[in-house]
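Everything on this sheet refers to the single structure shown next.
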Amino acid sequence: MEKWAGLTNTMTTTNPNTMFLLQNYWWLIVAVLGGLFVFMTFVQGGQSLFHTAKTELEERAIINSLGRKWELTFTTLVLFGGALYAAFPLFYSVSFGGAYWVWMLILFAFVLQAVSYEYINKKGNLIGSGAYKLFLYFNGLIGIVLIGAAVGTFFTGSNFTFDPATRILEWGTDDGYNLRGLEAAIDFKHGAWFNLAMGILVFAVARILGALWLINDLDDDDFADVITRLRAVVKRCFIVLLVALVIVLYGLITMKGYAYDIHDPKGTVSLVAGKYLQNLLAFGAVQLIVFLVGVVLFVLGVFQSGFGNSKRGIWAAGLGTVLIGIIVFTLAGLNGTAFYPSYADLQSSLTIQNSSGSKYTLMVMAWVSVAVPFVLGYIMYVWYQMKKEGPITKEEILTDEH
């Protein structure tokens, strides 16, 4: 317990109320950007749908549609990661310093994506378009499942000890193994079932959003057959999503959460039954209402374009995804909850209070955060410019070599 005292007191000796507000403010920023990123994973979800194309023309249509948006997904990811690691740098050092196999696989998956969209349709590339399609599928499947599993560890915990006084991090001290983060997917004693369910849930959401996007973006007359297949994908994935969602909700309701007293200078962490359900109800009905609105919007979008004939389901489902994503992150980090808990040593768990930057850093960043709406405005502008020419047609594919 004592090892947290020095770090916590350093952060809170001057005007602790302002510091605490800044920490909460930045976690809310992270939550919003996280929700936006989950929506933008429709690109990764779409990359797992190449099998719905039965002709080369249909395949090119899918690649062209997703290829116009992958950079916006990357921009959102960088913005999310930058905000998280700049505001809470201790999370960066502990997670990347310990669970680096998971993070390296995720980063490798996104590097493969960038390379693939650059070379997949170029004539004379050395390894052929089939290899690049495989890379994109790897990004859309492995990359997204691992991201979901990593988010799962925000609730189940990770296998590390960290002493802020000596800055010594040890990973894999519990049960004597050291898998550098990969235990999140195989250690069922410590919640791997929940992490995998979260990974499958995020993958199902991304795949549904990807199918809904393609339904919206492909011309009805030219690509009617592949659109019909995409609607079938939405239906099948919705069933998978419901199963994974039941498991995740069961976990959130029944598992013990890593709680601490926000007024305790030592930040002592303890396990509390029903903590995440308490968090959902902690701010009155606001979070619960936002979560339920998000669920309703997502289901509405699924039924509009998956079970119905509308092409606009992506917008309702996308907004619903953002709202649900925001609530998931607020449950993990607000209301006196450790957002990166350690099951090897409870007192090594990271909270928004003991892992944040200095008051000066957070204050300067708060002014910088004014630029966030401009970045989002840029994304919307580029989106509009790409979309205003209408849906993707056969003529466009046959006449445009890019």
### Message
Leu292: which residues meet the side-chain contact (heavy atoms from CB on, under 4.5 Å) condition with it, sequence neighbours left out?
### Response
Leu288

### Query
Partners of Leu134 by side-chain contact (heavy atoms from CB on, under 4.5 Å), sequence neighbours excluded?
none

### Query
Under the side-chain hydrogen bond (donor to acceptor under 3.5 Å, both in side chains) test, which residues partner Thr73, sequence neighbours left out?
none

### Query
Ser270: what forms a side-chain hydrogen bond (donor to acceptor under 3.5 Å, both in side chains) with it, not counting sequence neighbours?
none

Would you please name every residue forming a salt bridge (charged side-chain N to carboxylate O under 4.0 Å, His left out) with [X], sequence neighbours left out?
X: Asp219; result: none
X: Lys133; result: Glu59
X: Arg231; result: none
X: Lys275; result: none

Which atom pairs, donor and acceptor, lie under 3.5 Å between side-chain atoms of residues 90-97 and protein residues at least two apart or in another chain?
{"residue": "Ser93", "atom": "OG", "partner": "Leu90", "partner atom": "O", "Å": "3.0"}
{"residue": "Ser95", "atom": "OG", "partner": "Phe91", "partner atom": "O", "Å": "2.6"}

### More than 12 heavy atoms of other groups within 6.0 Å of Tyr119 OH
no

Scan the side chains in residues 103-111 for donor-acceptor partners under 3.5 Å anywhere in the protein, sequence neighbours excluded, and list what turns up.
none

### Query
Among side-chain atoms of Tyr25 and Ser369, is any donor-acceptor pair under 3.5 angstrom?
yes

Name the atoms and distances for all side-chain donor-acceptor pairs under 3.5 Å in residues 192-212, with sequence neighbours left out.
{"residue": "Asn195", "atom": "OD1", "partner": "Thr153", "partner atom": "N", "Å": "3.4"}
{"residue": "Asn195", "atom": "OD1", "partner": "Thr156", "partner atom": "OG1", "Å": "3.0"}
{"residue": "Asn195", "atom": "ND2", "partner": "Thr156", "partner atom": "OG1", "Å": "3.4"}
{"residue": "Asn195", "atom": "ND2", "partner": "Ala184", "partner atom": "O", "Å": "2.9"}
{"residue": "Asn195", "atom": "ND2", "partner": "Gly191", "partner atom": "O", "Å": "3.4"}
{"residue": "Arg207", "atom": "NE", "partner": "Ser48", "partner atom": "OG", "Å": "2.9"}
{"residue": "Arg207", "atom": "NH2", "partner": "Ser48", "partner atom": "O", "Å": "3.0"}

Check: residues 29-39 side-chain donor-acceptor pairs under 3.5 Å, at least two apart:
none

